[in-house]
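What follows is a single structure, written as structure tokens, with notes after it.
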Amino acid sequence: MNKQFSLEGKVALVTGAAYGIGFAIAEALAEAGAKIAFNCLKQEHLEHALAAYAERGIAAKGYLANVTDEAQIKELVGKIEAELGGIDILVNNAGIIKRIPMTEMAADEFRDVVDVDLVAPFLVSKAVIPEMIRRGGGKIINICSMMSELGRETVSAYAAAKGGLKMLTRNIASEYGKYNIQCNGLGPGYIATPQTAPLRERQADGSPHPFDRFIVAKTPAERWGTPEDLKGPAVFLASPASDFVNGQILYVDGGILAYIGKQP
Ligand code: NAP
Ligand code: GCO
């Protein structure tokens with residue numbers, strides 16, 4: 001059974017893995033035996049991440065590359081293939097959110113979110129699939145969201161992008177499954193990372209943020225998720241254990257999507 005979950009000899013690219021969910025997923029894939037490549041936008045984050053990986057005994061290769069820039073993505077993939085070998089596992093993790101009421105959101109702000117959260121997974125997947133086909137297969141994991149299924153105030157661009165990412169996942173699965181490429185989504189619930197820090201900030205009087213209380217009440221597990229909660233599911237979707245799983249979204253949400261909510 002251990003061989004089912006082994007990533008020995010595999011090369012994984014995790015986009016946006018300087019910290020947060022991407023870092024935890026890259027750490028998990030490394031612990032299962034994969035060689036890790038990651039990218040981010042900022043030099044300071046790259047340096048900090050390389051040190052953090054090294055502290056954990058992970059000889060990750062880090063690169064500065066903007067996932068919305070097709071030329072930079074092609075250069076990134078070429079460097080990884082030259083330095084580590086063909087990419088066996090791609091995790092499209094890099095993402096942003098802008099929390100703005102839709103009617104107050106500028107078109108460029110909407111497009112920025114869609115560019116990172118939906119167009120970029122298309123660009124990076126398009127760049128790695130040909131080599132996956134040549135090598136006999138691969139794994140693509142798209143980091144979706146509760147907002148792949150649900151809406152809420154102020155996150156119109158993010159929900160549209162993550163809903164689209166769910167369907168891009170299913171389409172890649174449909175179009176490239178015959179090449180032994182499995183493309184699945186991982187749908188985290190509400191996870192404690194820098195991205196959600198504004199939703200968990202203590203109030204001036206020291207009380208919990210209303211949204212913090214809302215999420216804890218809405219989650220059967222009665223807690224926020226941590227990046228570590230995603231490590232096992234990510235290894236499953238990256239490993240031979242999921243070779244007949246394709247086009248699925250695996251939600252790791254503590255039960256939010258299953259729960260109607262407490263009676264007031
Ligand atoms: P985060 O803490 O904000 O980290 C985002 C990462 O993406 C950073 O490493 C950032 O790099 C990188 N990034 C952003 N834009 C980029 C670009 N254009 N090119 C390259 N890298 C870029 O986010 P997170 O909470 O870990 O979330 C990671 C993924 O999970 C995202 O797709 C998010 O939508 C999704 N997600 C998060 C939650 C949650 O509750 N936290 C739940 C469901 C899904 P720099 O710092 O260098 O900019
Ligand atoms: C928000 C949050 C969520 C989480 C995540 C939930 O503002 O509602 O940022 O969107 O990031 O996507 O799964």
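Starting from 1, each residue takes its place in the sequence as its number. Side-chain atoms are counted along with the backbone in the values below, which use heavy atoms only and exclude waters and symmetry mates.
The shortest side-chain heavy-atom distance between Phe38 and Leu50 falls under the 4.5 Å cut-off. Residues Asn184 and Leu250 fail the side-chain proximity criterion, which asks for heavy atoms closer than 4.5 Å.
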- [ ] Show the numbers, then the answer: is there a side-chain contact (heavy atoms from CB on, under 4.5 Å) between Val235 and Leu29?
- [x] CA-CA 6 Å; Val235 170; Leu29 302 183; 4.3 Å; yes
Please walk me through it: do Leu165 and Asn92 pass side-chain contact (heavy atoms from CB on, under 4.5 Å)?
-> CA-CA 10 Å; Leu165 185 58; Asn92 284 308; 5.6 Å; no
Checking Leu150 against Leu257 for the side-chain contact (heavy atoms from CB on, under 4.5 Å) test, could you report, in this order, the C-alpha distance in whole Å, the side-chain angles of both residues, the deciding distance, and whether it holds? CA-CA 9 Å; Leu150 303 169; Leu257 283 176; 3.5 Å; yes
Exercise for review: Kindly indicate, with the supporting measurements, whether the criterion side-chain contact (heavy atoms from CB on, under 4.5 Å) is fulfilled by Leu199 and Arg99.
Suggested key: CA-CA 11 Å; Leu199 306 174; Arg99 300 182 182 96; 3.7 Å; yes
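Between Glu131 and Arg134 there is a salt bridge, since a side-chain N of the basic residue sits under 4.0 Å from a carboxylate O of the acidic one. A salt bridge between Glu222 and Lys262 is present, with a side-chain N of the basic residue lying under 4.0 Å from a carboxylate O of the acidic one. Here Glu70 pairs with Lys126 in a salt bridge; the nearest charged N to carboxylate O distance falls below 4.0 Å.
In His48, the NE2 atom is not crowded: 12 or fewer heavy atoms of neighbouring residues, nucleotides or ligands sit closer than 6.0 Å. The local environment of CG in Asp205 is crowded, with over 12 non-hydrogen atoms from other residues, nucleotides or ligands closer than 6.0 Å. No more than 12 heavy-atom neighbours from other residues, nucleotides or ligands sit within 6.0 angstrom of NZ on Lys10. The number of heavy atoms from other shown groups lying within 6.0 Å of CD (Gln43) is above 12.
Using a distance-only test at 3.5 Å, with no hydrogens or angles considered, no donor-acceptor pair links the side chain of Thr219 to the main chain of Val216. Distance alone, capped at 3.5 Å, places no donor-acceptor pair between the Thr68 side chain and the Ala120 backbone. A donor-acceptor pair under 3.5 Å is formed between the side chain of Lys139 and the backbone N or O of Ser239. Put simply, the side chain of Asn142 never gets that close to the backbone of Cys144: no donor and acceptor are under 3.5 Å apart.
Criterion: ILVMFWY side-chain heavy atoms under 4.5 Å apart, direct or through other members. Under it, Ile143 and Val124 are not part of a common hydrophobic cluster. Connection of Tyr176 to Leu237 is not established within any shared hydrophobic cluster, with ILVMFWY side chains joined at heavy-atom distances below 4.5 Å, either directly or through further cluster members. In this structure, Ile256 is a member of the same hydrophobic cluster as Phe211, with clusters built from ILVMFWY side-chain heavy atoms closer than 4.5 Å. Hydrophobic clustering keeps Met147 apart from Met102 (ILVMFWY residues linked when any side-chain heavy atoms are closer than 4.5 Å, directly or through intermediates). A chain of hydrophobic side-chain contacts below 4.5 Å, direct or via other Ile, Leu, Val, Met, Phe, Trp or Tyr residues, connects Leu123 to Met132.
Shown here for Ala28 and Lys231, the closest heavy-atom pair between the two residues is CB-CB, 3.5 Å. Across all non-hydrogen atoms, the minimal contact from Pro227 to Ile21 is CB-CA, 4.2 Å. Nearest approach of Pro198 to Gln195, heavy atoms of both residues: CD-O, 3.7 Å. Looking at every heavy atom in both residues, Ile36 comes nearest to Leu84 through O-CD1, 4.0 Å. Heavy-atom minimum distance, Leu118 versus Leu168: O-CD2, 4.1 Å. When all heavy atoms are compared, the tightest approach of Tyr53 to Gly22 is OH-O, 4.3 Å.
Paired with Trp224 under the rule side-chain hydrogen bond (donor to acceptor under 3.5 Å, both in side chains), one option of Asp212, Thr196, Asp229 passes, and it is Asp212.
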Can you list, pair by pair, the side-chain donor-acceptor contacts under 3.5 Å of residues 109-117, counting residues two or more places apart and other chains?
residue: Glu109; atom: OE1; partner: Ala106; partner atom: N; Å: 2.8
residue: Arg111; atom: NH1; partner: Asp108; partner atom: OD1; Å: 3.2
residue: Asp117; atom: OD1; partner: Ile96; partner atom: N; Å: 2.9

